[in-house]
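Because the structure is a prediction, the values reported are computed rather than measured. All chains are named by letter (A, B, ...) in the order of the sequence lines, taking the proteins before the strands, and each is independently numbered beginning at 1.
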2 protein chains.
Amino acid sequence: MNQLEDMQTFVRIVEAGSITRASEQLNTVKSAISRRLAELEKRLGVTLLTRTTRSQTLTDSGLSYYQQCLRIIEDLAEVEASIKDKHCSFAGTIKISVPFSFGLKHLAPAFRQFNQAHPNVLFNVDFNDRKVDLIEEGYDLAIRISTLADSTLIARKITSVSPVLCASPAYLKQYGEPKTAEDLNQGHVRLRYNLMPEAWQLVSDSGKTVVVKSPVVVSANNGNYLCEEAIAGRGLMFGPDFICYEAIRAGQLKLLLCEQLRNQTTNAYAVYPHTRHLSQRVRGLVDFLADYFGEKPYWGIYS
Amino acid sequence: MNQLEDMQTFVRIVEAGSITRASEQLNTVKSAISRRLAELEKRLGVTLLTRTTRSQTLTDSGLSYYQQCLRIIEDLAEVEASIKDKHCSFAGTIKISVPFSFGLKHLAPAFRQFNQAHPNVLFNVDFNDRKVDLIEEGYDLAIRISTLADSTLIARKITSVSPVLCASPAYLKQYGEPKTAEDLNQGHVRLRYNLMPEAWQLVSDSGKTVVVKSPVVVSANNGNYLCEEAIAGRGLMFGPDFICYEAIRAGQLKLLLCEQLRNQTTNAYAVYPHTRHLSQRVRGLVDFLADYFGEKPYWGIYS
DNA sequence: TTTAATTGTTCTCTTTATGTGAACAATGAT
DNA sequence: ATCATTGTTCACATAAAGAGAACAATTAAA
């Protein structure tokens, strides 16, 4: 009995579409394949494949077994490969969807570093702020900065992201520095990120949500552009810390209403289909990212 | 070459502590085991086990290979077992931590139904509202009604949970029916769930967060008890829909401020350690729960 | 230090399992 | 109805794995 070889043979029969073609692909004769399949079915006590001379159909059990065989064979190959070059280096493609700004600015360097340790991993990155269908489009995983709303996916936290409100010193000189959330509605102008609701919602000292609706002077679907506009003193910027942190540290932007916003932290998640089996390299990447950014990422400005 | 048998042999050698003992346990002779190990190492091109006549030590590669062997062998056994009794019945223990009220009221019947389909699964359920350490305490998974804050865990959405505000008709007759969130702060009394902040936060029509601080007449760490108190007309109940839905449908409690609360939906998640390999039965249970409750669970009262 | 016991390795021989190819049966297209 | 193609079964050949003995290596006890 050779379970693994049985599995490989079965997979080949299914994919080749016939015992004869499978035997050709496996460089043997059809009798051997026929016997293997018969013995496998006998051992499992289940018919996997209903076959006539001209056609074959998978039974329910057969389909289930086929899928599980694929997974285990891949698993086993990965184990052998990872042991063989014992540096535990990964190989293969990782197809990933990432948010535009976060991806370019923070994930790209992380991927590069991962690639140095695992040069045989080929990244296929889709920079995109829309929520792609991971399953339909065959992604291995996606990075998302929002909560999980889909029960076909599973999520793992990668790091923390906090909202910041900021403006350039020149702007603050001209428009005055807001001391409370309520101040934002009077005599201020805003830079708006397209893909979020037009009105901002902040929590004031007293715990009330304040809806900010002051005029929008620039509107865009790119946070970095808005950040540059903020540095140029065009208006108030309300966005994630990972976009503005450098300008804030450099003094080009001044942080506003820290106390109200520091507790509004959200998370960045790695999400992937719950059905798909996580390959070593994808699991390795997620582990790497969680470690690379950590609970307190380098862009953190509250603390 | 028989990869799987090689793996099983290697695992046995490691666990038995010597080739001789392994050979006894495998009902064969030491020469066979010795040769198998030698050939495995030759094939992998790595020394797995540094051995003298009296002792053996795993190399780094050996330890890694050993752990992966365990996983694959278990995997394979599960696949064969699940195909053999083709109803895809699972077997083994599932150790799970669940929230107290949600667990007793909604998960328990779900587990029972799962058990009817898979009678060989033994549930080991911990009803507990504290966040147990899944890894430390060896849980297979937990059900949580909150967002994921731990990067060592992964989450999958099981169903939706919405907050409801309600009170008995008798209470409303006596205290008047609140029409806005602001009304709650005047002339009302509250039933309080211990494990949440004392003040309630609701969003008013205008989008403002209203902090409710009216007097608390009953305080408890059990939602069902609070619900009964609410039915008895003791005060306002603010809790998850899955606790109050029956009383609401029976007319014992009247739903308040629906429009403000219907969009505050949160989720229930299945969470488990990202390191642990998900066994078929645990994966099957999670799939079952996601399907059992669904996106619009039976306790839903909005919509 | 020597000896004895135990363990792992290597060798040959044997057994078992698997591959081989021909003959046969079954099926569907022409 | 015929024929080409496919799957199955069989006896046989081959290769791989097991068995057991002999040997080498190591360590504990004398």
B:Arg51 CZ to D:dT27 C1': how many Å, rounded?
18 Å
Here the distance between atom P of D:dG18 and atom CG of B:Asn27, to the nearest Å, is 12 Å
B:Arg156 and B:Asp287 ion-paired at < 4.0 Å
yes
Among A:Arg36, A:Arg35, A:Arg43, side chain to side chain contact (heavy atoms under 4.5 Å, CB included) partner for A:Glu39:
A:Arg35
I want to verify a distance call: between C:dG8, C:dG21, D:dG7, whose nearest atom is closest to the A:Val29 side chain?
C:dG21
Looking at B:Glu41 and B:Arg51, does any basic side-chain N land under 4.0 Å from a carboxylate oxygen?
yes
Would B:Gln68 and A:Gln280 count as having a side-chain donor-acceptor pair, cut-off 3.5 Å?
yes
Axial bend angle, the helix from C:dT1-D:dA30 to C:dT30-D:dA1: five-pair end segments, nearest 10°
30°
Can you confirm if the NZ or CZ of A:Lys157 lies within 45° of the ring axis of A:Tyr269 and under 6.0 Å from the centre of its six-membered ring?
no
Can you check the B:Leu49 CG to C:dT7 C1' distance for me, whole Å?
13 Å
Using whole Å, report how far CD of A:Gln56 lies from P of D:dG7.
7 Å
May I ask you to verify if any side-chain N or O of B:Thr20 is less than 4.0 angstrom from the OP1 or OP2 atom of C:dT6?
no
Looking just at side-chain N and O atoms, do A:Glu295 and A:Ser160 make a donor-acceptor pair shorter than 3.5 Å?
yes
So for atom CG, which belongs to B:Asn128, do other residues, nucleotides or ligands contribute more than 12 heavy atoms lying within a distance under 6.0 Å?
yes
Expected string for nucleotides 10-18 of chain C under the B/S/- scheme (protein heavy atoms, under 4.0 Å, primed atoms plus P, OP1, OP2 as sugar-phosphate) is B-------B
note: A:Glu41, atom CD; D:dT9, atom P; distance rounded to Å ~ 11 Å
Quickly work out the A:Ile19 CD1 to C:dG19 P distance and round it to whole Å.
14 Å
Can you tell me if A:Thr9 and A:Glu5 form a side-chain donor-acceptor pair at under 3.5 Å?
no
Sugar-phosphate atoms are those with a prime plus P, OP1 and OP2; base atoms are the rest. Using that split, label each nucleotide of nucleotides 25-30 of chain C B, S or - for protein heavy atoms under 4.0 Å, 5' to 3'.
-BBS--
Assess whether a salt bridge exists between A:Asp75 and B:Arg71, defined as any Lys/Arg side-chain N lying under 4.0 Å from an Asp/Glu carboxylate O.
yes
Length of the CZ-P vector between A:Arg21 and D:dT6, whole Å:
8 Å
Scan side-chain atoms only and decide if A:Thr28 and A:Ser23 contain a donor-acceptor pair under the 3.5 Å cut-off.
no
Aromatic contact, B:Phe288 with B:His118 (centres under 6.0 Å):
no
